[in-house]
Number of protein chains: 2
Amino acid sequence: MQTHFTIDCVIFSFDEGQLKILLAERNEYPYKEWWALPGYFVNKYEEMEDAVARILFEMTGLKDIYMDQLAAFAGVKRHPEGRILTVAYMALVQMEEVKNKIAPTSDYMRQLKWFPVAELPELAFDHRDIINLSLERLKKSVTYSTAPYELLPTKFTLTQLQQVYESILNKKLDKRNFRKKINNLGYLKELNEYQKGVSYRAAKLYSFDKRKFQKQFSQD
Amino acid sequence: MQTHFTIDCVIFSFDEGQLKILLAERNEYPYKEWWALPGYFVNKYEEMEDAVARILFEMTGLKDIYMDQLAAFAGVKRHPEGRILTVAYMALVQMEEVKNKIAPTSDYMRQLKWFPVAELPELAFDHRDIINLSLERLKKSVTYSTAPYELLPTKFTLTQLQQVYESILNKKLDKRNFRKKINNLGYLKELNEYQKGVSYRAAKLYSFDKRKFQKQFSQD
DNA sequence: TCAAAAGTGTTAGGTGTACACCCATGT
DNA sequence: ACATGGGTGTACACCTAACACTTTTGA
C-alpha cells in the first residue's frame, strides 16, 4: 500500500521574552486561509532530513538548523482527500538570525507569521496535536539538550536564559536558585562583556560551550 | 509523491532475568533468511495503531498491548527496491501470557524467536538502528512510565522488579537503595502473598496500582 | 532621584549512594 | 547443616526550594 508523504515543521524561536512558533497561512484547499505548520511533500529521492532542511531554508533563509524528529502522523481521516502521512519535526532558530529573512509568500502560502505559543490560532488538520507533542518534547529535553542555546544568540544574559527556561516549562523560576543551578552546569562560559543599550544596570554576558556539554552527556 | 508504508514492532518481554526482543526470520527477498523486526504493510484504510495491534495479535496472540510510537524511518536507501517508509513502534508484553501463543510460521516468515538484547543476531534493513532507538527510549522512560509493570506478571517480587530495571538500564543496582526508592513510589501494593515453589525463603509479592500511578503523573 | 533590572546566601528537607550482615526456607 | 536468595539501616554528600535586599546604571 502506498501513501502520500509530507513533512511538517514546528519551528520555535524566542523573542520578546516569549516562545514563538512560525505558522503559514494556507493558500490552497483544503483549509484555505487557515493557519498551518510549514511543511510540504518530500521528493521521491530526497531524504526526510534534507526535505526538512529545504523547507526550513525556504521559510527562514537559514541552514544548519537544529532539528529533531517528533513522530509520524498518519490518521486515515486527517486529510479529507485520504491518508497523507506526515512526519513532524521540531526546529529551533535564533530570532535575530531569522528576522527579515522570512520568505513572504509563495503559491501555496499567503504569509508566514510568528505566534506566541499562548496565542496560537485555530490550526488546519491535526497540527494542533503536533504542536502539543512538540511542546511536551521540548519540556522534557530542556535540561539535557542544547535546546535553550539554540534559541538564544551566542552571547546571552542569565535573565534571558531563565526566560527561555520559563517559557518552555511554562512556569516561573526562582532567580537565585536558577543561577545557582546554572553555575553548576559546567558548560557555560562567563564572558567579560556586558549588555549594551539598556537603561539599567547592564547584565554580564555568557556563552554556551557545546564541547563541554557533549563531554558531560557522553559518559552515561 | 507516494511511498510504501509499513510498520515494524520492537516487542519486548522479560524472561529468565533478561530483557528479550521477538524477531522474525524472513522468508522473502530481500534479506531472505535474515532476522528482522516483525512488521508489515499498513492497509489503505487502516489506522497505524490498528495495524500494530493486528500484527501484535498475529505474532503473540495478545490484544490490548502496551505500545508506543518510536519514530519514522524513511531513508531512501533503506530498502533496495526504493523508499519504504516504516513507522517503528515498541510494545511490551508479559512472557507468561505469550508463551505457547507465538504464531509459528506464515508465508512471509519462517519462525519467531525471542532473543536477549545482549545476543541479537545481525538484522535486516536498518532494524538494528530501530532497536537501538527503542532501547534508548525504554531507558529514559523506565522511571516515569508503566513499562516495568507491563513486562511483569500482575504479582511480582521486588527482586523481579529490580531485575527488570537492571536489564533495561543495563547496570546493577544496589538492593537496599532500590527497595527504599520503590517504597517511596506510592503506587505499589504490598500483598499478603508469597512466592511459591522456590527452594529458598519465599519473597513477598507486590502489585502495581495503575490508578495511583496515573494520579501522580497527572499533576505536572 | 528614580525606575528598572542585576546580582547575591542561607537554611531545611529530601534524595542518591555507598556499604554488610542476619533471616527464612526447602532440600 | 547448608545453600539460596530475602530482607533490613545508617551516614554523608548533594540537590531542591523557599525566601528579600542591596547595587548599578541610564534617563
Side-chain angles (χ1 to χ4, degrees), chain A residues 14-18 139-140 142-144 148 152-153 155-207 216-217 219-220, chain B residues 14-18 139-140 142-144 148 152-153 155-207 216-217 219-220:
Chain A
F14 181 77
D15 187 37
E16 299 167 330
Q18 292 179 303
K139 250 188 218 181
K140 280 188 186 157
V142 70
T143 51
Y144 56 89
L152 287 169
K155 299 175 183 181
F156 52 85
T157 68
L158 294 184
T159 299
Q160 285 176 314
L161 183 58
Q162 185 175 344
Q163 286 172 340
V164 168
Y165 270 72
E166 288 177 340
S167 64
I168 290 175
L169 297 172
N170 198 24
K171 67 176 179 194
K172 286 276 160 215
L173 300 175
D174 179 88
K175 185 160 61 159
R176 277 176 293 185
N177 291 337
F178 181 78
R179 288 160 113 94
K180 204 189 317 166
K181 194 172 78 178
I182 289 299
N183 266 328
N184 291 332
L185 289 181
Y187 48 75
L188 287 192
K189 197 160 59 196
E190 188 177 347
L191 304 174
N192 273 325
E193 292 177 63
Y194 293 83
Q195 237 179 346
K196 276 173 193 163
V198 289
S199 73
Y200 46 81
R201 177 173 175 184
K204 203 157 214 178
L205 294 173
Y206 288 75
S207 71
Q216 282 189 30
F217 284 80
Q219 294 159 6
D220 317 331
Chain B
F14 182 76
D15 188 37
E16 300 167 327
Q18 291 180 305
K139 249 187 219 181
K140 279 187 186 161
V142 71
T143 51
Y144 56 89
L152 286 169
K155 300 175 181 181
F156 51 85
T157 69
L158 293 184
T159 299
Q160 285 176 312
L161 183 58
Q162 185 175 344
Q163 285 172 341
V164 169
Y165 270 73
E166 288 177 341
S167 65
I168 290 174
L169 296 172
N170 199 23
K171 65 175 178 192
K172 286 275 162 219
L173 300 175
D174 179 88
K175 185 160 57 158
R176 278 177 292 187
N177 293 337
F178 180 77
R179 288 161 112 94
K180 203 191 319 167
K181 193 171 78 176
I182 289 299
N183 266 327
N184 292 332
L185 290 181
Y187 48 76
L188 288 191
K189 196 160 59 196
E190 190 176 346
L191 304 173
N192 273 326
E193 292 178 62
Y194 294 84
Q195 240 180 344
K196 275 172 191 161
V198 289
S199 71
Y200 46 82
R201 178 175 175 183
K204 202 157 219 181
L205 294 174
Y206 289 75
S207 71
Q216 281 189 31
F217 283 81
Q219 293 160 7
D220 316 330

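At a threshold of 4.5 Å between non-hydrogen side-chain atoms, the residues B:S167 and B:Q18 do not count as touching. Using a 4.5 Å heavy-atom threshold, the side chains of A:L161 and A:F178 count as touching.
Distances shown here put every side-chain N or O of B:R176 at or beyond 4.0 Å from the OP1 or OP2 atom of C:dC19.
Residues B:T143 and B:F217 come closest through the heavy atom pair O-CZ, 4.2 Å.
Less than 4.0 Å separates DNA chain D from no heavy atom of any residue of residues 181-190 of chain A. For the segment residues 155-172 of chain A, the set of residues with a heavy atom within less than 4.0 Å of an atom of DNA chain D is empty.
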Given the rule in the side-chain contact (heavy atoms from CB on, under 4.5 Å) test, do A:R179 and A:K175 qualify, once you have shown the distances and angles that lead to the verdict?
CA-CA 6 Å; A:R179 288 160 113 94; A:K175 185 160 61 159; 3.7 Å; yes

Check the pair A:Q163 / A:F156 against side-chain contact (heavy atoms from CB on, under 4.5 Å), numbers first and verdict last.
CA-CA 11 Å; A:Q163 286 172 340; A:F156 52 85; over 6 Å; no

Trace of the side-chain contact (heavy atoms from CB on, under 4.5 Å) decision for B:E190 with B:L205:
CA-CA 7 Å; B:E190 190 176 346; B:L205 294 174; over 6 Å; no

side-chain contact (heavy atoms from CB on, under 4.5 Å) for B:K180 and B:N177? Distances and angles first, verdict last.
CA-CA 5 Å; B:K180 203 191 319 167; B:N177 293 337; 3.6 Å; yes

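In this structure, B:K204 atom NZ and C:dC23 atom P are separated by 18 Å, rounded to whole Å. Between A:D174 atom CG and D:dC19 atom C1' the separation is 7 Å, expressed in whole Å. To the nearest angstrom, P of C:dG7 lies 13 Å from CZ of A:F178. Look at CG on A:L205: it is 11 Å from P on C:dA6, rounded to the nearest Å.
At a cut-off of 3.5 angstrom, counting only N and O atoms as typed in the model, there is a donor on one side and an acceptor on the other between the side-chain of A:K175 and the base of C:dG7. With hydrogens and angles ignored, a donor-acceptor pair closer than 3.5 Å exists between the side chain of B:K180 and the base of C:dT17.
Nearest-nucleotide assignment on DNA chain C puts the 5′-proximal partner with A:N177, out of B:N177 and A:N177.
A side-chain contact (heavy atoms from CB on, under 4.5 Å) with B:Y206 is found for exactly one of B:L158, B:L152, B:L191, namely B:L158.
The distance from atom CG of B:L169 to atom NZ of B:K139, rounded to the nearest 0.5 Å, is 7.0 Å. One distance of note links CD of B:Q162 with NZ of B:K172; it measures 7.5 Å at 0.5 Å rounding.
Listed for the A:Q195 side chain is no donor-acceptor partner under 3.5 Å among the backbone atoms of A:Y200.
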Reading nucleotides 22-27 of chain D from the 5' end, what letters show protein touch, with B for base, S for backbone sugar-phosphate only, - for no heavy atom under 4.0 Å?
-BBBSS

